[in-house]
There are 2 protein chains.
Amino acid sequence: MVTINDVARAAGVAPSTVSYVLSGKRSISAETRRLVEQSIRRLGYHPHAGARALASSKTQVLALVIPLRTDLNVAVVMQFVAAVTTAARRHDHDVLLLTKDEGADGLKRVVGSALADALLVMDVESADPRVPMLLALDRPVVLIGTPDHATGLSCVDLDFQAAGAVAVRHLAELGHASAGLVGPSPAVYERGTSFADRFLRGFHQAAADAGLRAGARPCGHSYEQTRACLDELFAENPDLTALVVQNEAVLGPVLSDLRQRGLRVPEDVSVLAVCPDSMAGNHAVTLTTITIPADEIGELAVAMTMSQLGGEATPETRLLSPRLTRRESTAPPPR
Amino acid sequence: MVTINDVARAAGVAPSTVSYVLSGKRSISAETRRLVEQSIRRLGYHPHAGARALASSKTQVLALVIPLRTDLNVAVVMQFVAAVTTAARRHDHDVLLLTKDEGADGLKRVVGSALADALLVMDVESADPRVPMLLALDRPVVLIGTPDHATGLSCVDLDFQAAGAVAVRHLAELGHASAGLVGPSPAVYERGTSFADRFLRGFHQAAADAGLRAGARPCGHSYEQTRACLDELFAENPDLTALVVQNEAVLGPVLSDLRQRGLRVPEDVSVLAVCPDSMAGNHAVTLTTITIPADEIGELAVAMTMSQLGGEATPETRLLSPRLTRRESTAPPPR
DNA sequence: TTGAAAGCGATACCAA
DNA sequence: TTGGTATCGCTTTCAA
């Protein structure tokens, strides 16, 4: 293995000088820098991460906690993971992957054994059992989502409450008098994953304000459950003319079930989807969407982590404003 | 921070003894073990990963390289990531996430700086530029997929060639005289991602053997591209009675386009999907599938890595036999 | 069955 | 602007 001493010897300088060339923590003459950098390249030197961590108490690693349930949300989670990893590399950090099932102990372990400098946590629940521990942990933490008692923790998320309102207002402006919400799966509500509740709140409030008749139902991810969900929505409100779908996984089933009911989109029913923009074109009718900007959120989360690591920032909550893009799937109601 | 010395002092033993209790590398009296373990718990001791890596030249970390394209394959990739991470933890290892765009240099960096003990690489191409470097790297490597010149590297994958054949034979046995393959996106073929070619080969060979008229087309993931793909397949073979879809992302579009053509599944057209079993129930008709056992592959990949790390194993290629589960979407052809 | 101590490869302080 | 060196926390050899 090539060590800093090898480089130092080759360049005819002290090991500490090599270290300083690498870290930029003190000024180096042009000539010395050249010599050192050349030796580094020639020898193919890479600093030993463990040694570095030991000496500096910095790992240059971010731990990212992802949900394990692979049946739902996958596209969003994946996009987010990709964004975080890419952004982390731009800041010269790597990403250690943890799964939610490791729980609070897993986080304690990773921090305790100095495997990571900071934590990014996805799929946070309203009363997330990990929150107290995260607060106790004296490390930068950024949550994707907004749990209830997170004062002291940084949070990033789409403003789902505003999104719910934006969805309703778009439909109201088109002239709809009613709207049904096809929500995330019941499990999501049961776990108290806050984005579902926040969207629902925005949805109902805006509906009340606009005088819309609104109904909402969670929706499991199988075709049968989707059909049942629509059955209920239509039973409650037979003259429904618009659906808001906050569940990417069932977009296909929703659209095909509507067709089987003899309902055309958007002529008979408008459909507004809450999902990444990239999914808008994957259906027979291009979808009006409120985008879930997973990569923006990921990048922002990393940026916030970095400034906390730099000591320049204190915890804060950032909610991104919803953006609606109108496409083919929404139109004025029939008649 | 709690160190091994703190634990040793609390337990009244030498630091080395604590180390041996932890590693099990020499026998310890019951009493000493009890004392040490108690101190560890009481103090909440976690060994410092960096220090450990420095002293032992082992990181207990596996690097996992994932593809970045988030539009395709996401479900499979995600399932795989989850499986690897979970399996790694069972073997007392963590997972460092790399993206494919880091390329060969990224791998060199990670190994060079001793960030990981072994590499798991997804999305390998036939003539993957990373292969030579992986061979040069003197570390355990397991590839998900099978590149061309990988002698010396371990590979795990579904036996896609056999899968192609199994698909055709199932349809032939049902009495079909023709079959169309809706393949992965053109980009996948262009990159020479080997699973696509292998499936295609098995598909064509088995079709020739069984006397089936077979056509195949790549398929982009948008609705428009899917419809175009089906257009071509039907143009080439107007009396097509069966489709094999090796592209989970377009299953929805394929099914709804068939309906728009007035074709019922399975009465008029049989559909056989190559995808994770968990997706079989997400459509109006439950799908006959050849499963992509992402979690099995992930677990196996980790197991192989571990035995290589243990020095018990030499590189080998393992192709999992395809498993077909018949559901509603395949049936004898009309008439 | 246990202890003492020499590294592992960096960083960063103290000097020059 | 540079060098020397103690130090980080652990593993493992050598001795007892």
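Throughout, protein chains are lettered first and strands after them, A, B, ... in sequence-line order, and every chain is numbered starting at 1. Note: hydrogens, waters and symmetry copies are ignored here, and every other heavy atom, side chains too, is used.
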Visitor: Between C:dG3, D:dC10, C:dT2, which nucleotide gets closest to the side-chain atoms of B:Ser29?
Guide: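 Minimum distance to the B:Ser29 side chain belongs to C:dT2.
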Visitor: If you assign A:Glu31 and A:Pro15 each to the DNA chain D nucleotide with the nearest heavy atom, which residue ends up on the more 5' nucleotide?
Guide: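 Result: A:Glu31.
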Visitor: The side chain of B:Ala55 lies closest to which of these nucleotides: C:dG3, C:dC8, D:dG3?
Guide: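 So the side chain of B:Ala55 is nearest to C:dC8.
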Visitor: Between C1' on D:dT12 and CG on B:Leu22, what's the gap in Å once rounded to a whole number?
Guide: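 Answer to the nearest Å: 14 Å.
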Visitor: Rounded to the Å, how far apart are B:Gln60 CD and D:dC10 C1'?
Guide: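 Rounding to the nearest Å, CD of B:Gln60 and C1' of D:dC10 are 13 Å apart.
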Visitor: Using side-chain heavy atoms (C-beta onward) and a distance below 4.5 Å, is B:Leu97 in contact with A:Val84?
Guide: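 Sidechains of A:Val84 and B:Leu97: no contact.
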Visitor: Give a yes or no answer on whether the side chain of B:Ser126 reaches the backbone of B:Thr193 with a donor-acceptor pair at less than 3.5 Å.
Guide: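 Judged by distance alone, no pair lies under 3.5 Å.
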Visitor: Is A:Ser23 close enough to C:dA12 that one of its side-chain N or O atoms is under 4.0 Å from OP1 or OP2 there?
Guide: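 Answer no for this pair, as no side-chain N or O of A:Ser23 is under 4.0 Å from OP1 or OP2.
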Visitor: Which nucleotide wins on minimum distance to the side chain of B:Met1, given the candidates C:dT2, D:dG9, D:dT1?
Guide: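 Of all the options, the side chain of B:Met1 is nearest to D:dG9.
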Visitor: For A:Ile28 and C:dA12, give me the distance from atom CD1 to atom C1', rounded to whole Å.
Guide: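 The distance from CD1 of A:Ile28 to C1' of C:dA12 comes to 13 Å, rounded to the nearest Å.
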Visitor: If you apply the rule side chain to side chain contact (heavy atoms under 4.5 Å, CB included), what do you find for B:Asp128 with B:Leu143, and how did you get there?
Guide: CA-CA 11 Å; B:Asp128 201 296; B:Leu143 306 181; over 6 Å; no
Visitor: When you measure only distances, ignoring hydrogens and angles, does the side chain of B:Tyr20 come within 3.5 Å of the base of D:dC10 through a donor and an acceptor?
Guide: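 Checked by distance alone, the answer is no.
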Visitor: Would you say that more than 12 heavy atoms from the other residues, nucleotides or ligands in this model lie under 6.0 Å from the NE2 of B:His149, or not?
Guide: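 Counting other residues, nucleotides and ligands, NE2 of B:His149 stays at 12 neighbours or fewer.
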Visitor: Contact list please: residues 42-54 of chain A against DNA chain D, heavy atoms, distance less than 4.0 Å, in numerical order.
Guide: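 When residues 42-54 of chain A is checked for heavy atoms under 4.0 Å from DNA chain D, the hits, listed by number, are A:Leu54.
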Visitor: What dot-bracket string describes DNA chain C from 5' to 3', counting Watson-Crick and G-U wobble pairs whose defining distances are under 3.5 Å, with [ ] for crossing pairs and | for pairs to another strand?
Guide: ||||||||||||||||
Visitor: Testing A:Leu64, A:Val65, A:Leu98 one by one against A:Leu120 for a side-chain contact (heavy atoms from CB on, under 4.5 Å), which residue passes?
Guide: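 Testing each of A:Leu64, A:Val65, A:Leu98 against A:Leu120, the sole residue satisfying side-chain contact (heavy atoms from CB on, under 4.5 Å) is A:Leu64.
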Visitor: Check the distance between C:dT2's C1' and B:Arg9's CZ and give it to me in whole angstrom.
Guide: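 After rounding, the gap between these two atoms is 18 Å.
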Visitor: What is the distance, to the nearest angstrom, from the CG atom on A:Leu35 to the C1' atom on D:dT1?
Guide: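 My rounded result for the distance is 14 Å.
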Visitor: Can you tell me if B:Lys25 touches the phosphate of D:dT12, counting only side-chain N or O atoms and a distance under 4.0 Å to OP1 or OP2?
Guide: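 For B:Lys25, the contact criterion (side-chain N or O under 4.0 Å from OP1 or OP2 of D:dT12) is met.
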Visitor: Mind checking if A:Val13 touches a base, just sugar-phosphate, or nothing, with heavy atoms under 4.0 Å?
Guide: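 Sugar-phosphate: the residue A:Val13, judged by heavy atoms under 4.0 Å, touches backbone atoms but no base.
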Visitor: Per the atom types in the model, does the base of D:dT1 pair as donor or acceptor with the side chain of A:Arg26 at under 3.5 Å?
Guide: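 Such a pair does not exist between side chain and base.
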Visitor: Check whether more than 12 heavy atoms from other residues, nucleotides or ligands sit under 6.0 Å from atom CZ of B:Arg318, and answer yes or no.
Guide: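 No.
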Visitor: Assign A:Ser16 to base, sugar-phosphate, or nothing according to its heavy-atom contacts below 4.0 angstrom with the strands shown.
Guide: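 A:Ser16: base contact, heavy atoms under 4.0 Å.
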Visitor: Are any of the side-chain heavy atoms of A:Ile28 and A:Tyr20 separated by less than 4.5 Å?
Guide: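 A:Ile28 reaches A:Tyr20 side chain to side chain.
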Visitor: For salt bridge (charged side-chain N to carboxylate O under 4.0 Å, His left out), just list the numbers for A:Arg191 and A:Asp123, CA-CA rounded to whole Å, side-chain angles, deciding distance to a tenth of an Å, and then say yes or no.
Guide: CA-CA 10 Å; A:Arg191 281 185 290 149; A:Asp123 195 28; 2.9 Å; yes
Visitor: Classify the nucleic acid contact of A:Val2 as base, sugar-phosphate or nothing, counting any heavy atom under 4.0 Å across all strands shown.
Guide: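 Contact class for A:Val2: sugar-phosphate only.
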Visitor: Send over the distance from B:Arg34 CZ to C:dT1 C1', rounded to a whole Å.
Guide: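 After rounding, the gap between these two atoms is 17 Å.
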Visitor: For the side-chain contact (heavy atoms from CB on, under 4.5 Å) test, which of A:Asp117, A:Thr59, A:Thr85, A:Val302 pairs with A:His93?
Guide: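 The option that passes is A:Asp117.
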Visitor: Tell me: CG of A:Leu115 to C1' of D:dC10, nearest whole Å?
Guide: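 Result: 14 Å.
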Visitor: Checking all strands, does B:Ser19 fall into the base, sugar-phosphate, or nothing category for heavy-atom contacts under 4.0 angstrom?
Guide: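 Since a base atom lies under 4.0 Å of B:Ser19, the category is base.
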Visitor: Is it true that atom NZ of A:Lys100 has more than 12 heavy atoms of other residues, nucleotides or ligands lying nearer than 6.0 Å?
Guide: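 Atom NZ in A:Lys100 is packed in, count exceeds 12.
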